[in-house]
Amino acid sequence: MSKKTVFFIIVLIVSATYCMADTFRFSADSFSSIMSRGREVTVLSGNARIVSGSTIIYASRIELFGNNYRFAECTGNVRVIDHQKGLHMTADRLVFDRIENIFRLEGSVVMEDFRNEVIVRGNFLEYSDQTEYVTIQVGVRILREDMICRSEFALFNRRTNILQLSGLPFVYRRGDEFRALRITINLDTDEITLEGQVSGLIHNEN
């Protein structure tokens, strides 16, 4: 079965909170199933791919487990693509909850948000597709055309385009610099709110 792509189409009936079936597809170079009691796991290896709704996930290895393959643990060259929502994410490791649509990415995480024209980097990122909240931790870097943000923790609301930074936050925008205990930025209006131990440097053009 190795060196030959295994392709499965599985129609799953999800929990009663859903009114329709969810189509879940996956493919890989090799496939194995571990049916130990209480821990049934399906392992996809080599060019592994899963498709759930509008989300496509690629990885070197993917483990599927839980009721109706609810969870996917992905490792090695992980990529998440959702053209419908304007997202592209990469990481070393991903745990995906297919029912709640929650992504937890670890390692060298990069999220490209094409809808809001933002690039997010960090060592841990959690994204809820239902709420569109993004939580980023450790070595956070957020880049936009005319702005660079650094912090150790960030919360980004993709719906309202509000970014909240804490943990030694620093913002550089068009030559101006801002520091505080907490910084909130409205990316639509460019409004910046500083809270606690505020300092800044304003660049005046002559």
Side-chain angles (χ1 to χ4, degrees), residues 1-115 118-140 156 158:
M1 190 175 293
S2 60
K3 296 184 181 180
K4 184 177 181 180
T5 300
V6 180
F7 188 74
F8 297 85
I9 298 180
I10 300 179
V11 178
L12 303 176
I13 307 300
V14 297
S15 61
T17 56
Y18 292 86
C19 297
M20 62 182 68
D22 175 36
T23 302
F24 178 50
R25 305 189 303 274
F26 57 82
S27 64
D29 290 340
S30 63
F31 163 88
S32 63
S33 186
I34 304 170
M35 304 300 293
S36 59
R37 190 171 184 178
R39 173 70 174 171
E40 295 79 16
V41 178
T42 294
V43 179
L44 309 173
S45 301
N47 298 309
R49 183 187 74 156
I50 61 177
V51 181
S52 180
S54 62
T55 300
I56 307 172
I57 299 173
Y58 301 91
S60 299
R61 186 175 189 273
I62 299 177
E63 288 190 11
L64 303 171
F65 58 96
N67 187 35
N68 287 335
Y69 297 113
R70 173 173 179 170
F71 300 102
E73 182 176 354
C74 312
T75 54
N77 300 313
V78 177
R79 288 188 298 139
V80 181
I81 299 173
D82 192 327
H83 294 297
Q84 182 176 308
K85 297 180 176 63
L87 281 178
H88 182 197
M89 297 181 283
T90 60
D92 298 326
R93 178 177 179 270
L94 162 69
V95 176
F96 173 47
D97 183 336
R98 194 177 59 81
I99 304 303
E100 296 293 335
N101 272 330
I102 294 176
F103 302 79
R104 294 184 178 91
L105 300 99
E106 299 176 3
S108 300
V109 181
V110 179
M111 168 188 274
E112 295 179 81
D113 183 346
F114 297 103
R115 190 180 74 194
V118 173
I119 297 175
V120 177
R121 300 178 184 269
N123 288 325
F124 174 84
L125 185 148
E126 180 175 295
Y127 172 64
S128 170
D129 193 47
Q130 295 182 7
T131 65
E132 294 200 89
Y133 273 89
V134 185
T135 302
I136 316 102
Q137 298 181 41
V138 186
V140 178
F156 178 43
R158 295 188 70 225

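Side chains are part of it too, since the values below use all heavy atoms of this structure and drop only hydrogens, waters and symmetry mates.
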Out of curiosity, [X] [atom1] to [Y] [atom2], how far, rounded to the nearest 0.5 Å?
{"X": "S27", "Y": "I62", "atom1": "OG", "atom2": "CD1", "result": "8.0 Å"}
{"X": "K85", "Y": "D129", "atom1": "NZ", "atom2": "CG", "result": "4.0 Å"}
{"X": "M89", "Y": "D113", "atom1": "CE", "atom2": "CG", "result": "10.0 Å"}
{"X": "I99", "Y": "Q130", "atom1": "CD1", "atom2": "CD", "result": "10.0 Å"}
{"X": "R121", "Y": "E112", "atom1": "CZ", "atom2": "CD", "result": "8.0 Å"}
{"X": "F96", "Y": "I50", "atom1": "CZ", "atom2": "CD1", "result": "6.0 Å"}

**Request:** In plain terms, say whether E63 and R61 are close enough for a salt bridge, that is, a side-chain N and a carboxylate O under 4.0 Å apart.
**Result:**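 Yes, charged N to carboxylate O under 4.0 Å.
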Could you tell me whether the side chain of [Y] reaches within less than 4.5 Å of the side chain of [X], counting heavy atoms only?
{"X": "Y58", "Y": "V78", "result": "no"}
{"X": "D97", "Y": "R70", "result": "yes"}
{"X": "L87", "Y": "R158", "result": "yes"}
{"X": "L44", "Y": "F31", "result": "yes"}

If I compare all heavy atoms of [X] with all of [Y], which pair ends up nearest, and what's the gap?
{"X": "A28", "Y": "A48", "value": "CB-CA, 4.0 Å"}
{"X": "T135", "Y": "Q137", "value": "CG2-NE2, 4.2 Å"}
{"X": "A91", "Y": "L105", "value": "CB-CD2, 3.6 Å"}
{"X": "A72", "Y": "L64", "value": "CB-CD2, 3.7 Å"}
{"X": "V51", "Y": "G53", "value": "CG1-O, 3.9 Å"}

**Request:** With M111 as reference, evaluate V120, I119, T90 under the side-chain contact (heavy atoms from CB on, under 4.5 Å) test and give the passing residue.
**Result:**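 Output: one option passes, namely V120.
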**Request:** Indicate the ring-plane relationship of F71 and F65, choosing parallel, tilted or perpendicular according to the 30° and 60° boundaries.
**Result:**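 The rings of F71 and F65 lie parallel, inter-plane angle below 30°.
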**Request:** Can you establish whether the number of heavy atoms outside R93 located under 6.0 Å from its atom CZ is more than 12?
**Result:**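 Yes, CZ of R93 has more than 12 neighbouring heavy atoms, counting only those of other groups under 6.0 Å.
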**Message:** For E126 and I102: C-alpha separation, side-chain torsions, deciding distance, then whether side chain to side chain contact (heavy atoms under 4.5 Å, CB included) applies.
**Reply:** CA-CA 7 Å; E126 180 175 295; I102 294 176; 4.0 Å; yes
**Request:** Could you tell me whether a side-chain N or O of D29 sits under 3.5 Å from a main-chain N or O of S45, the two making a donor and an acceptor?
**Result:**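 It does not hold such a pair.
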**Request:** Step by step, work out the side chain to side chain contact (heavy atoms under 4.5 Å, CB included) result for D92 and S108.
**Result:** CA-CA 6 Å; D92 298 326; S108 300; 4.1 Å; yes
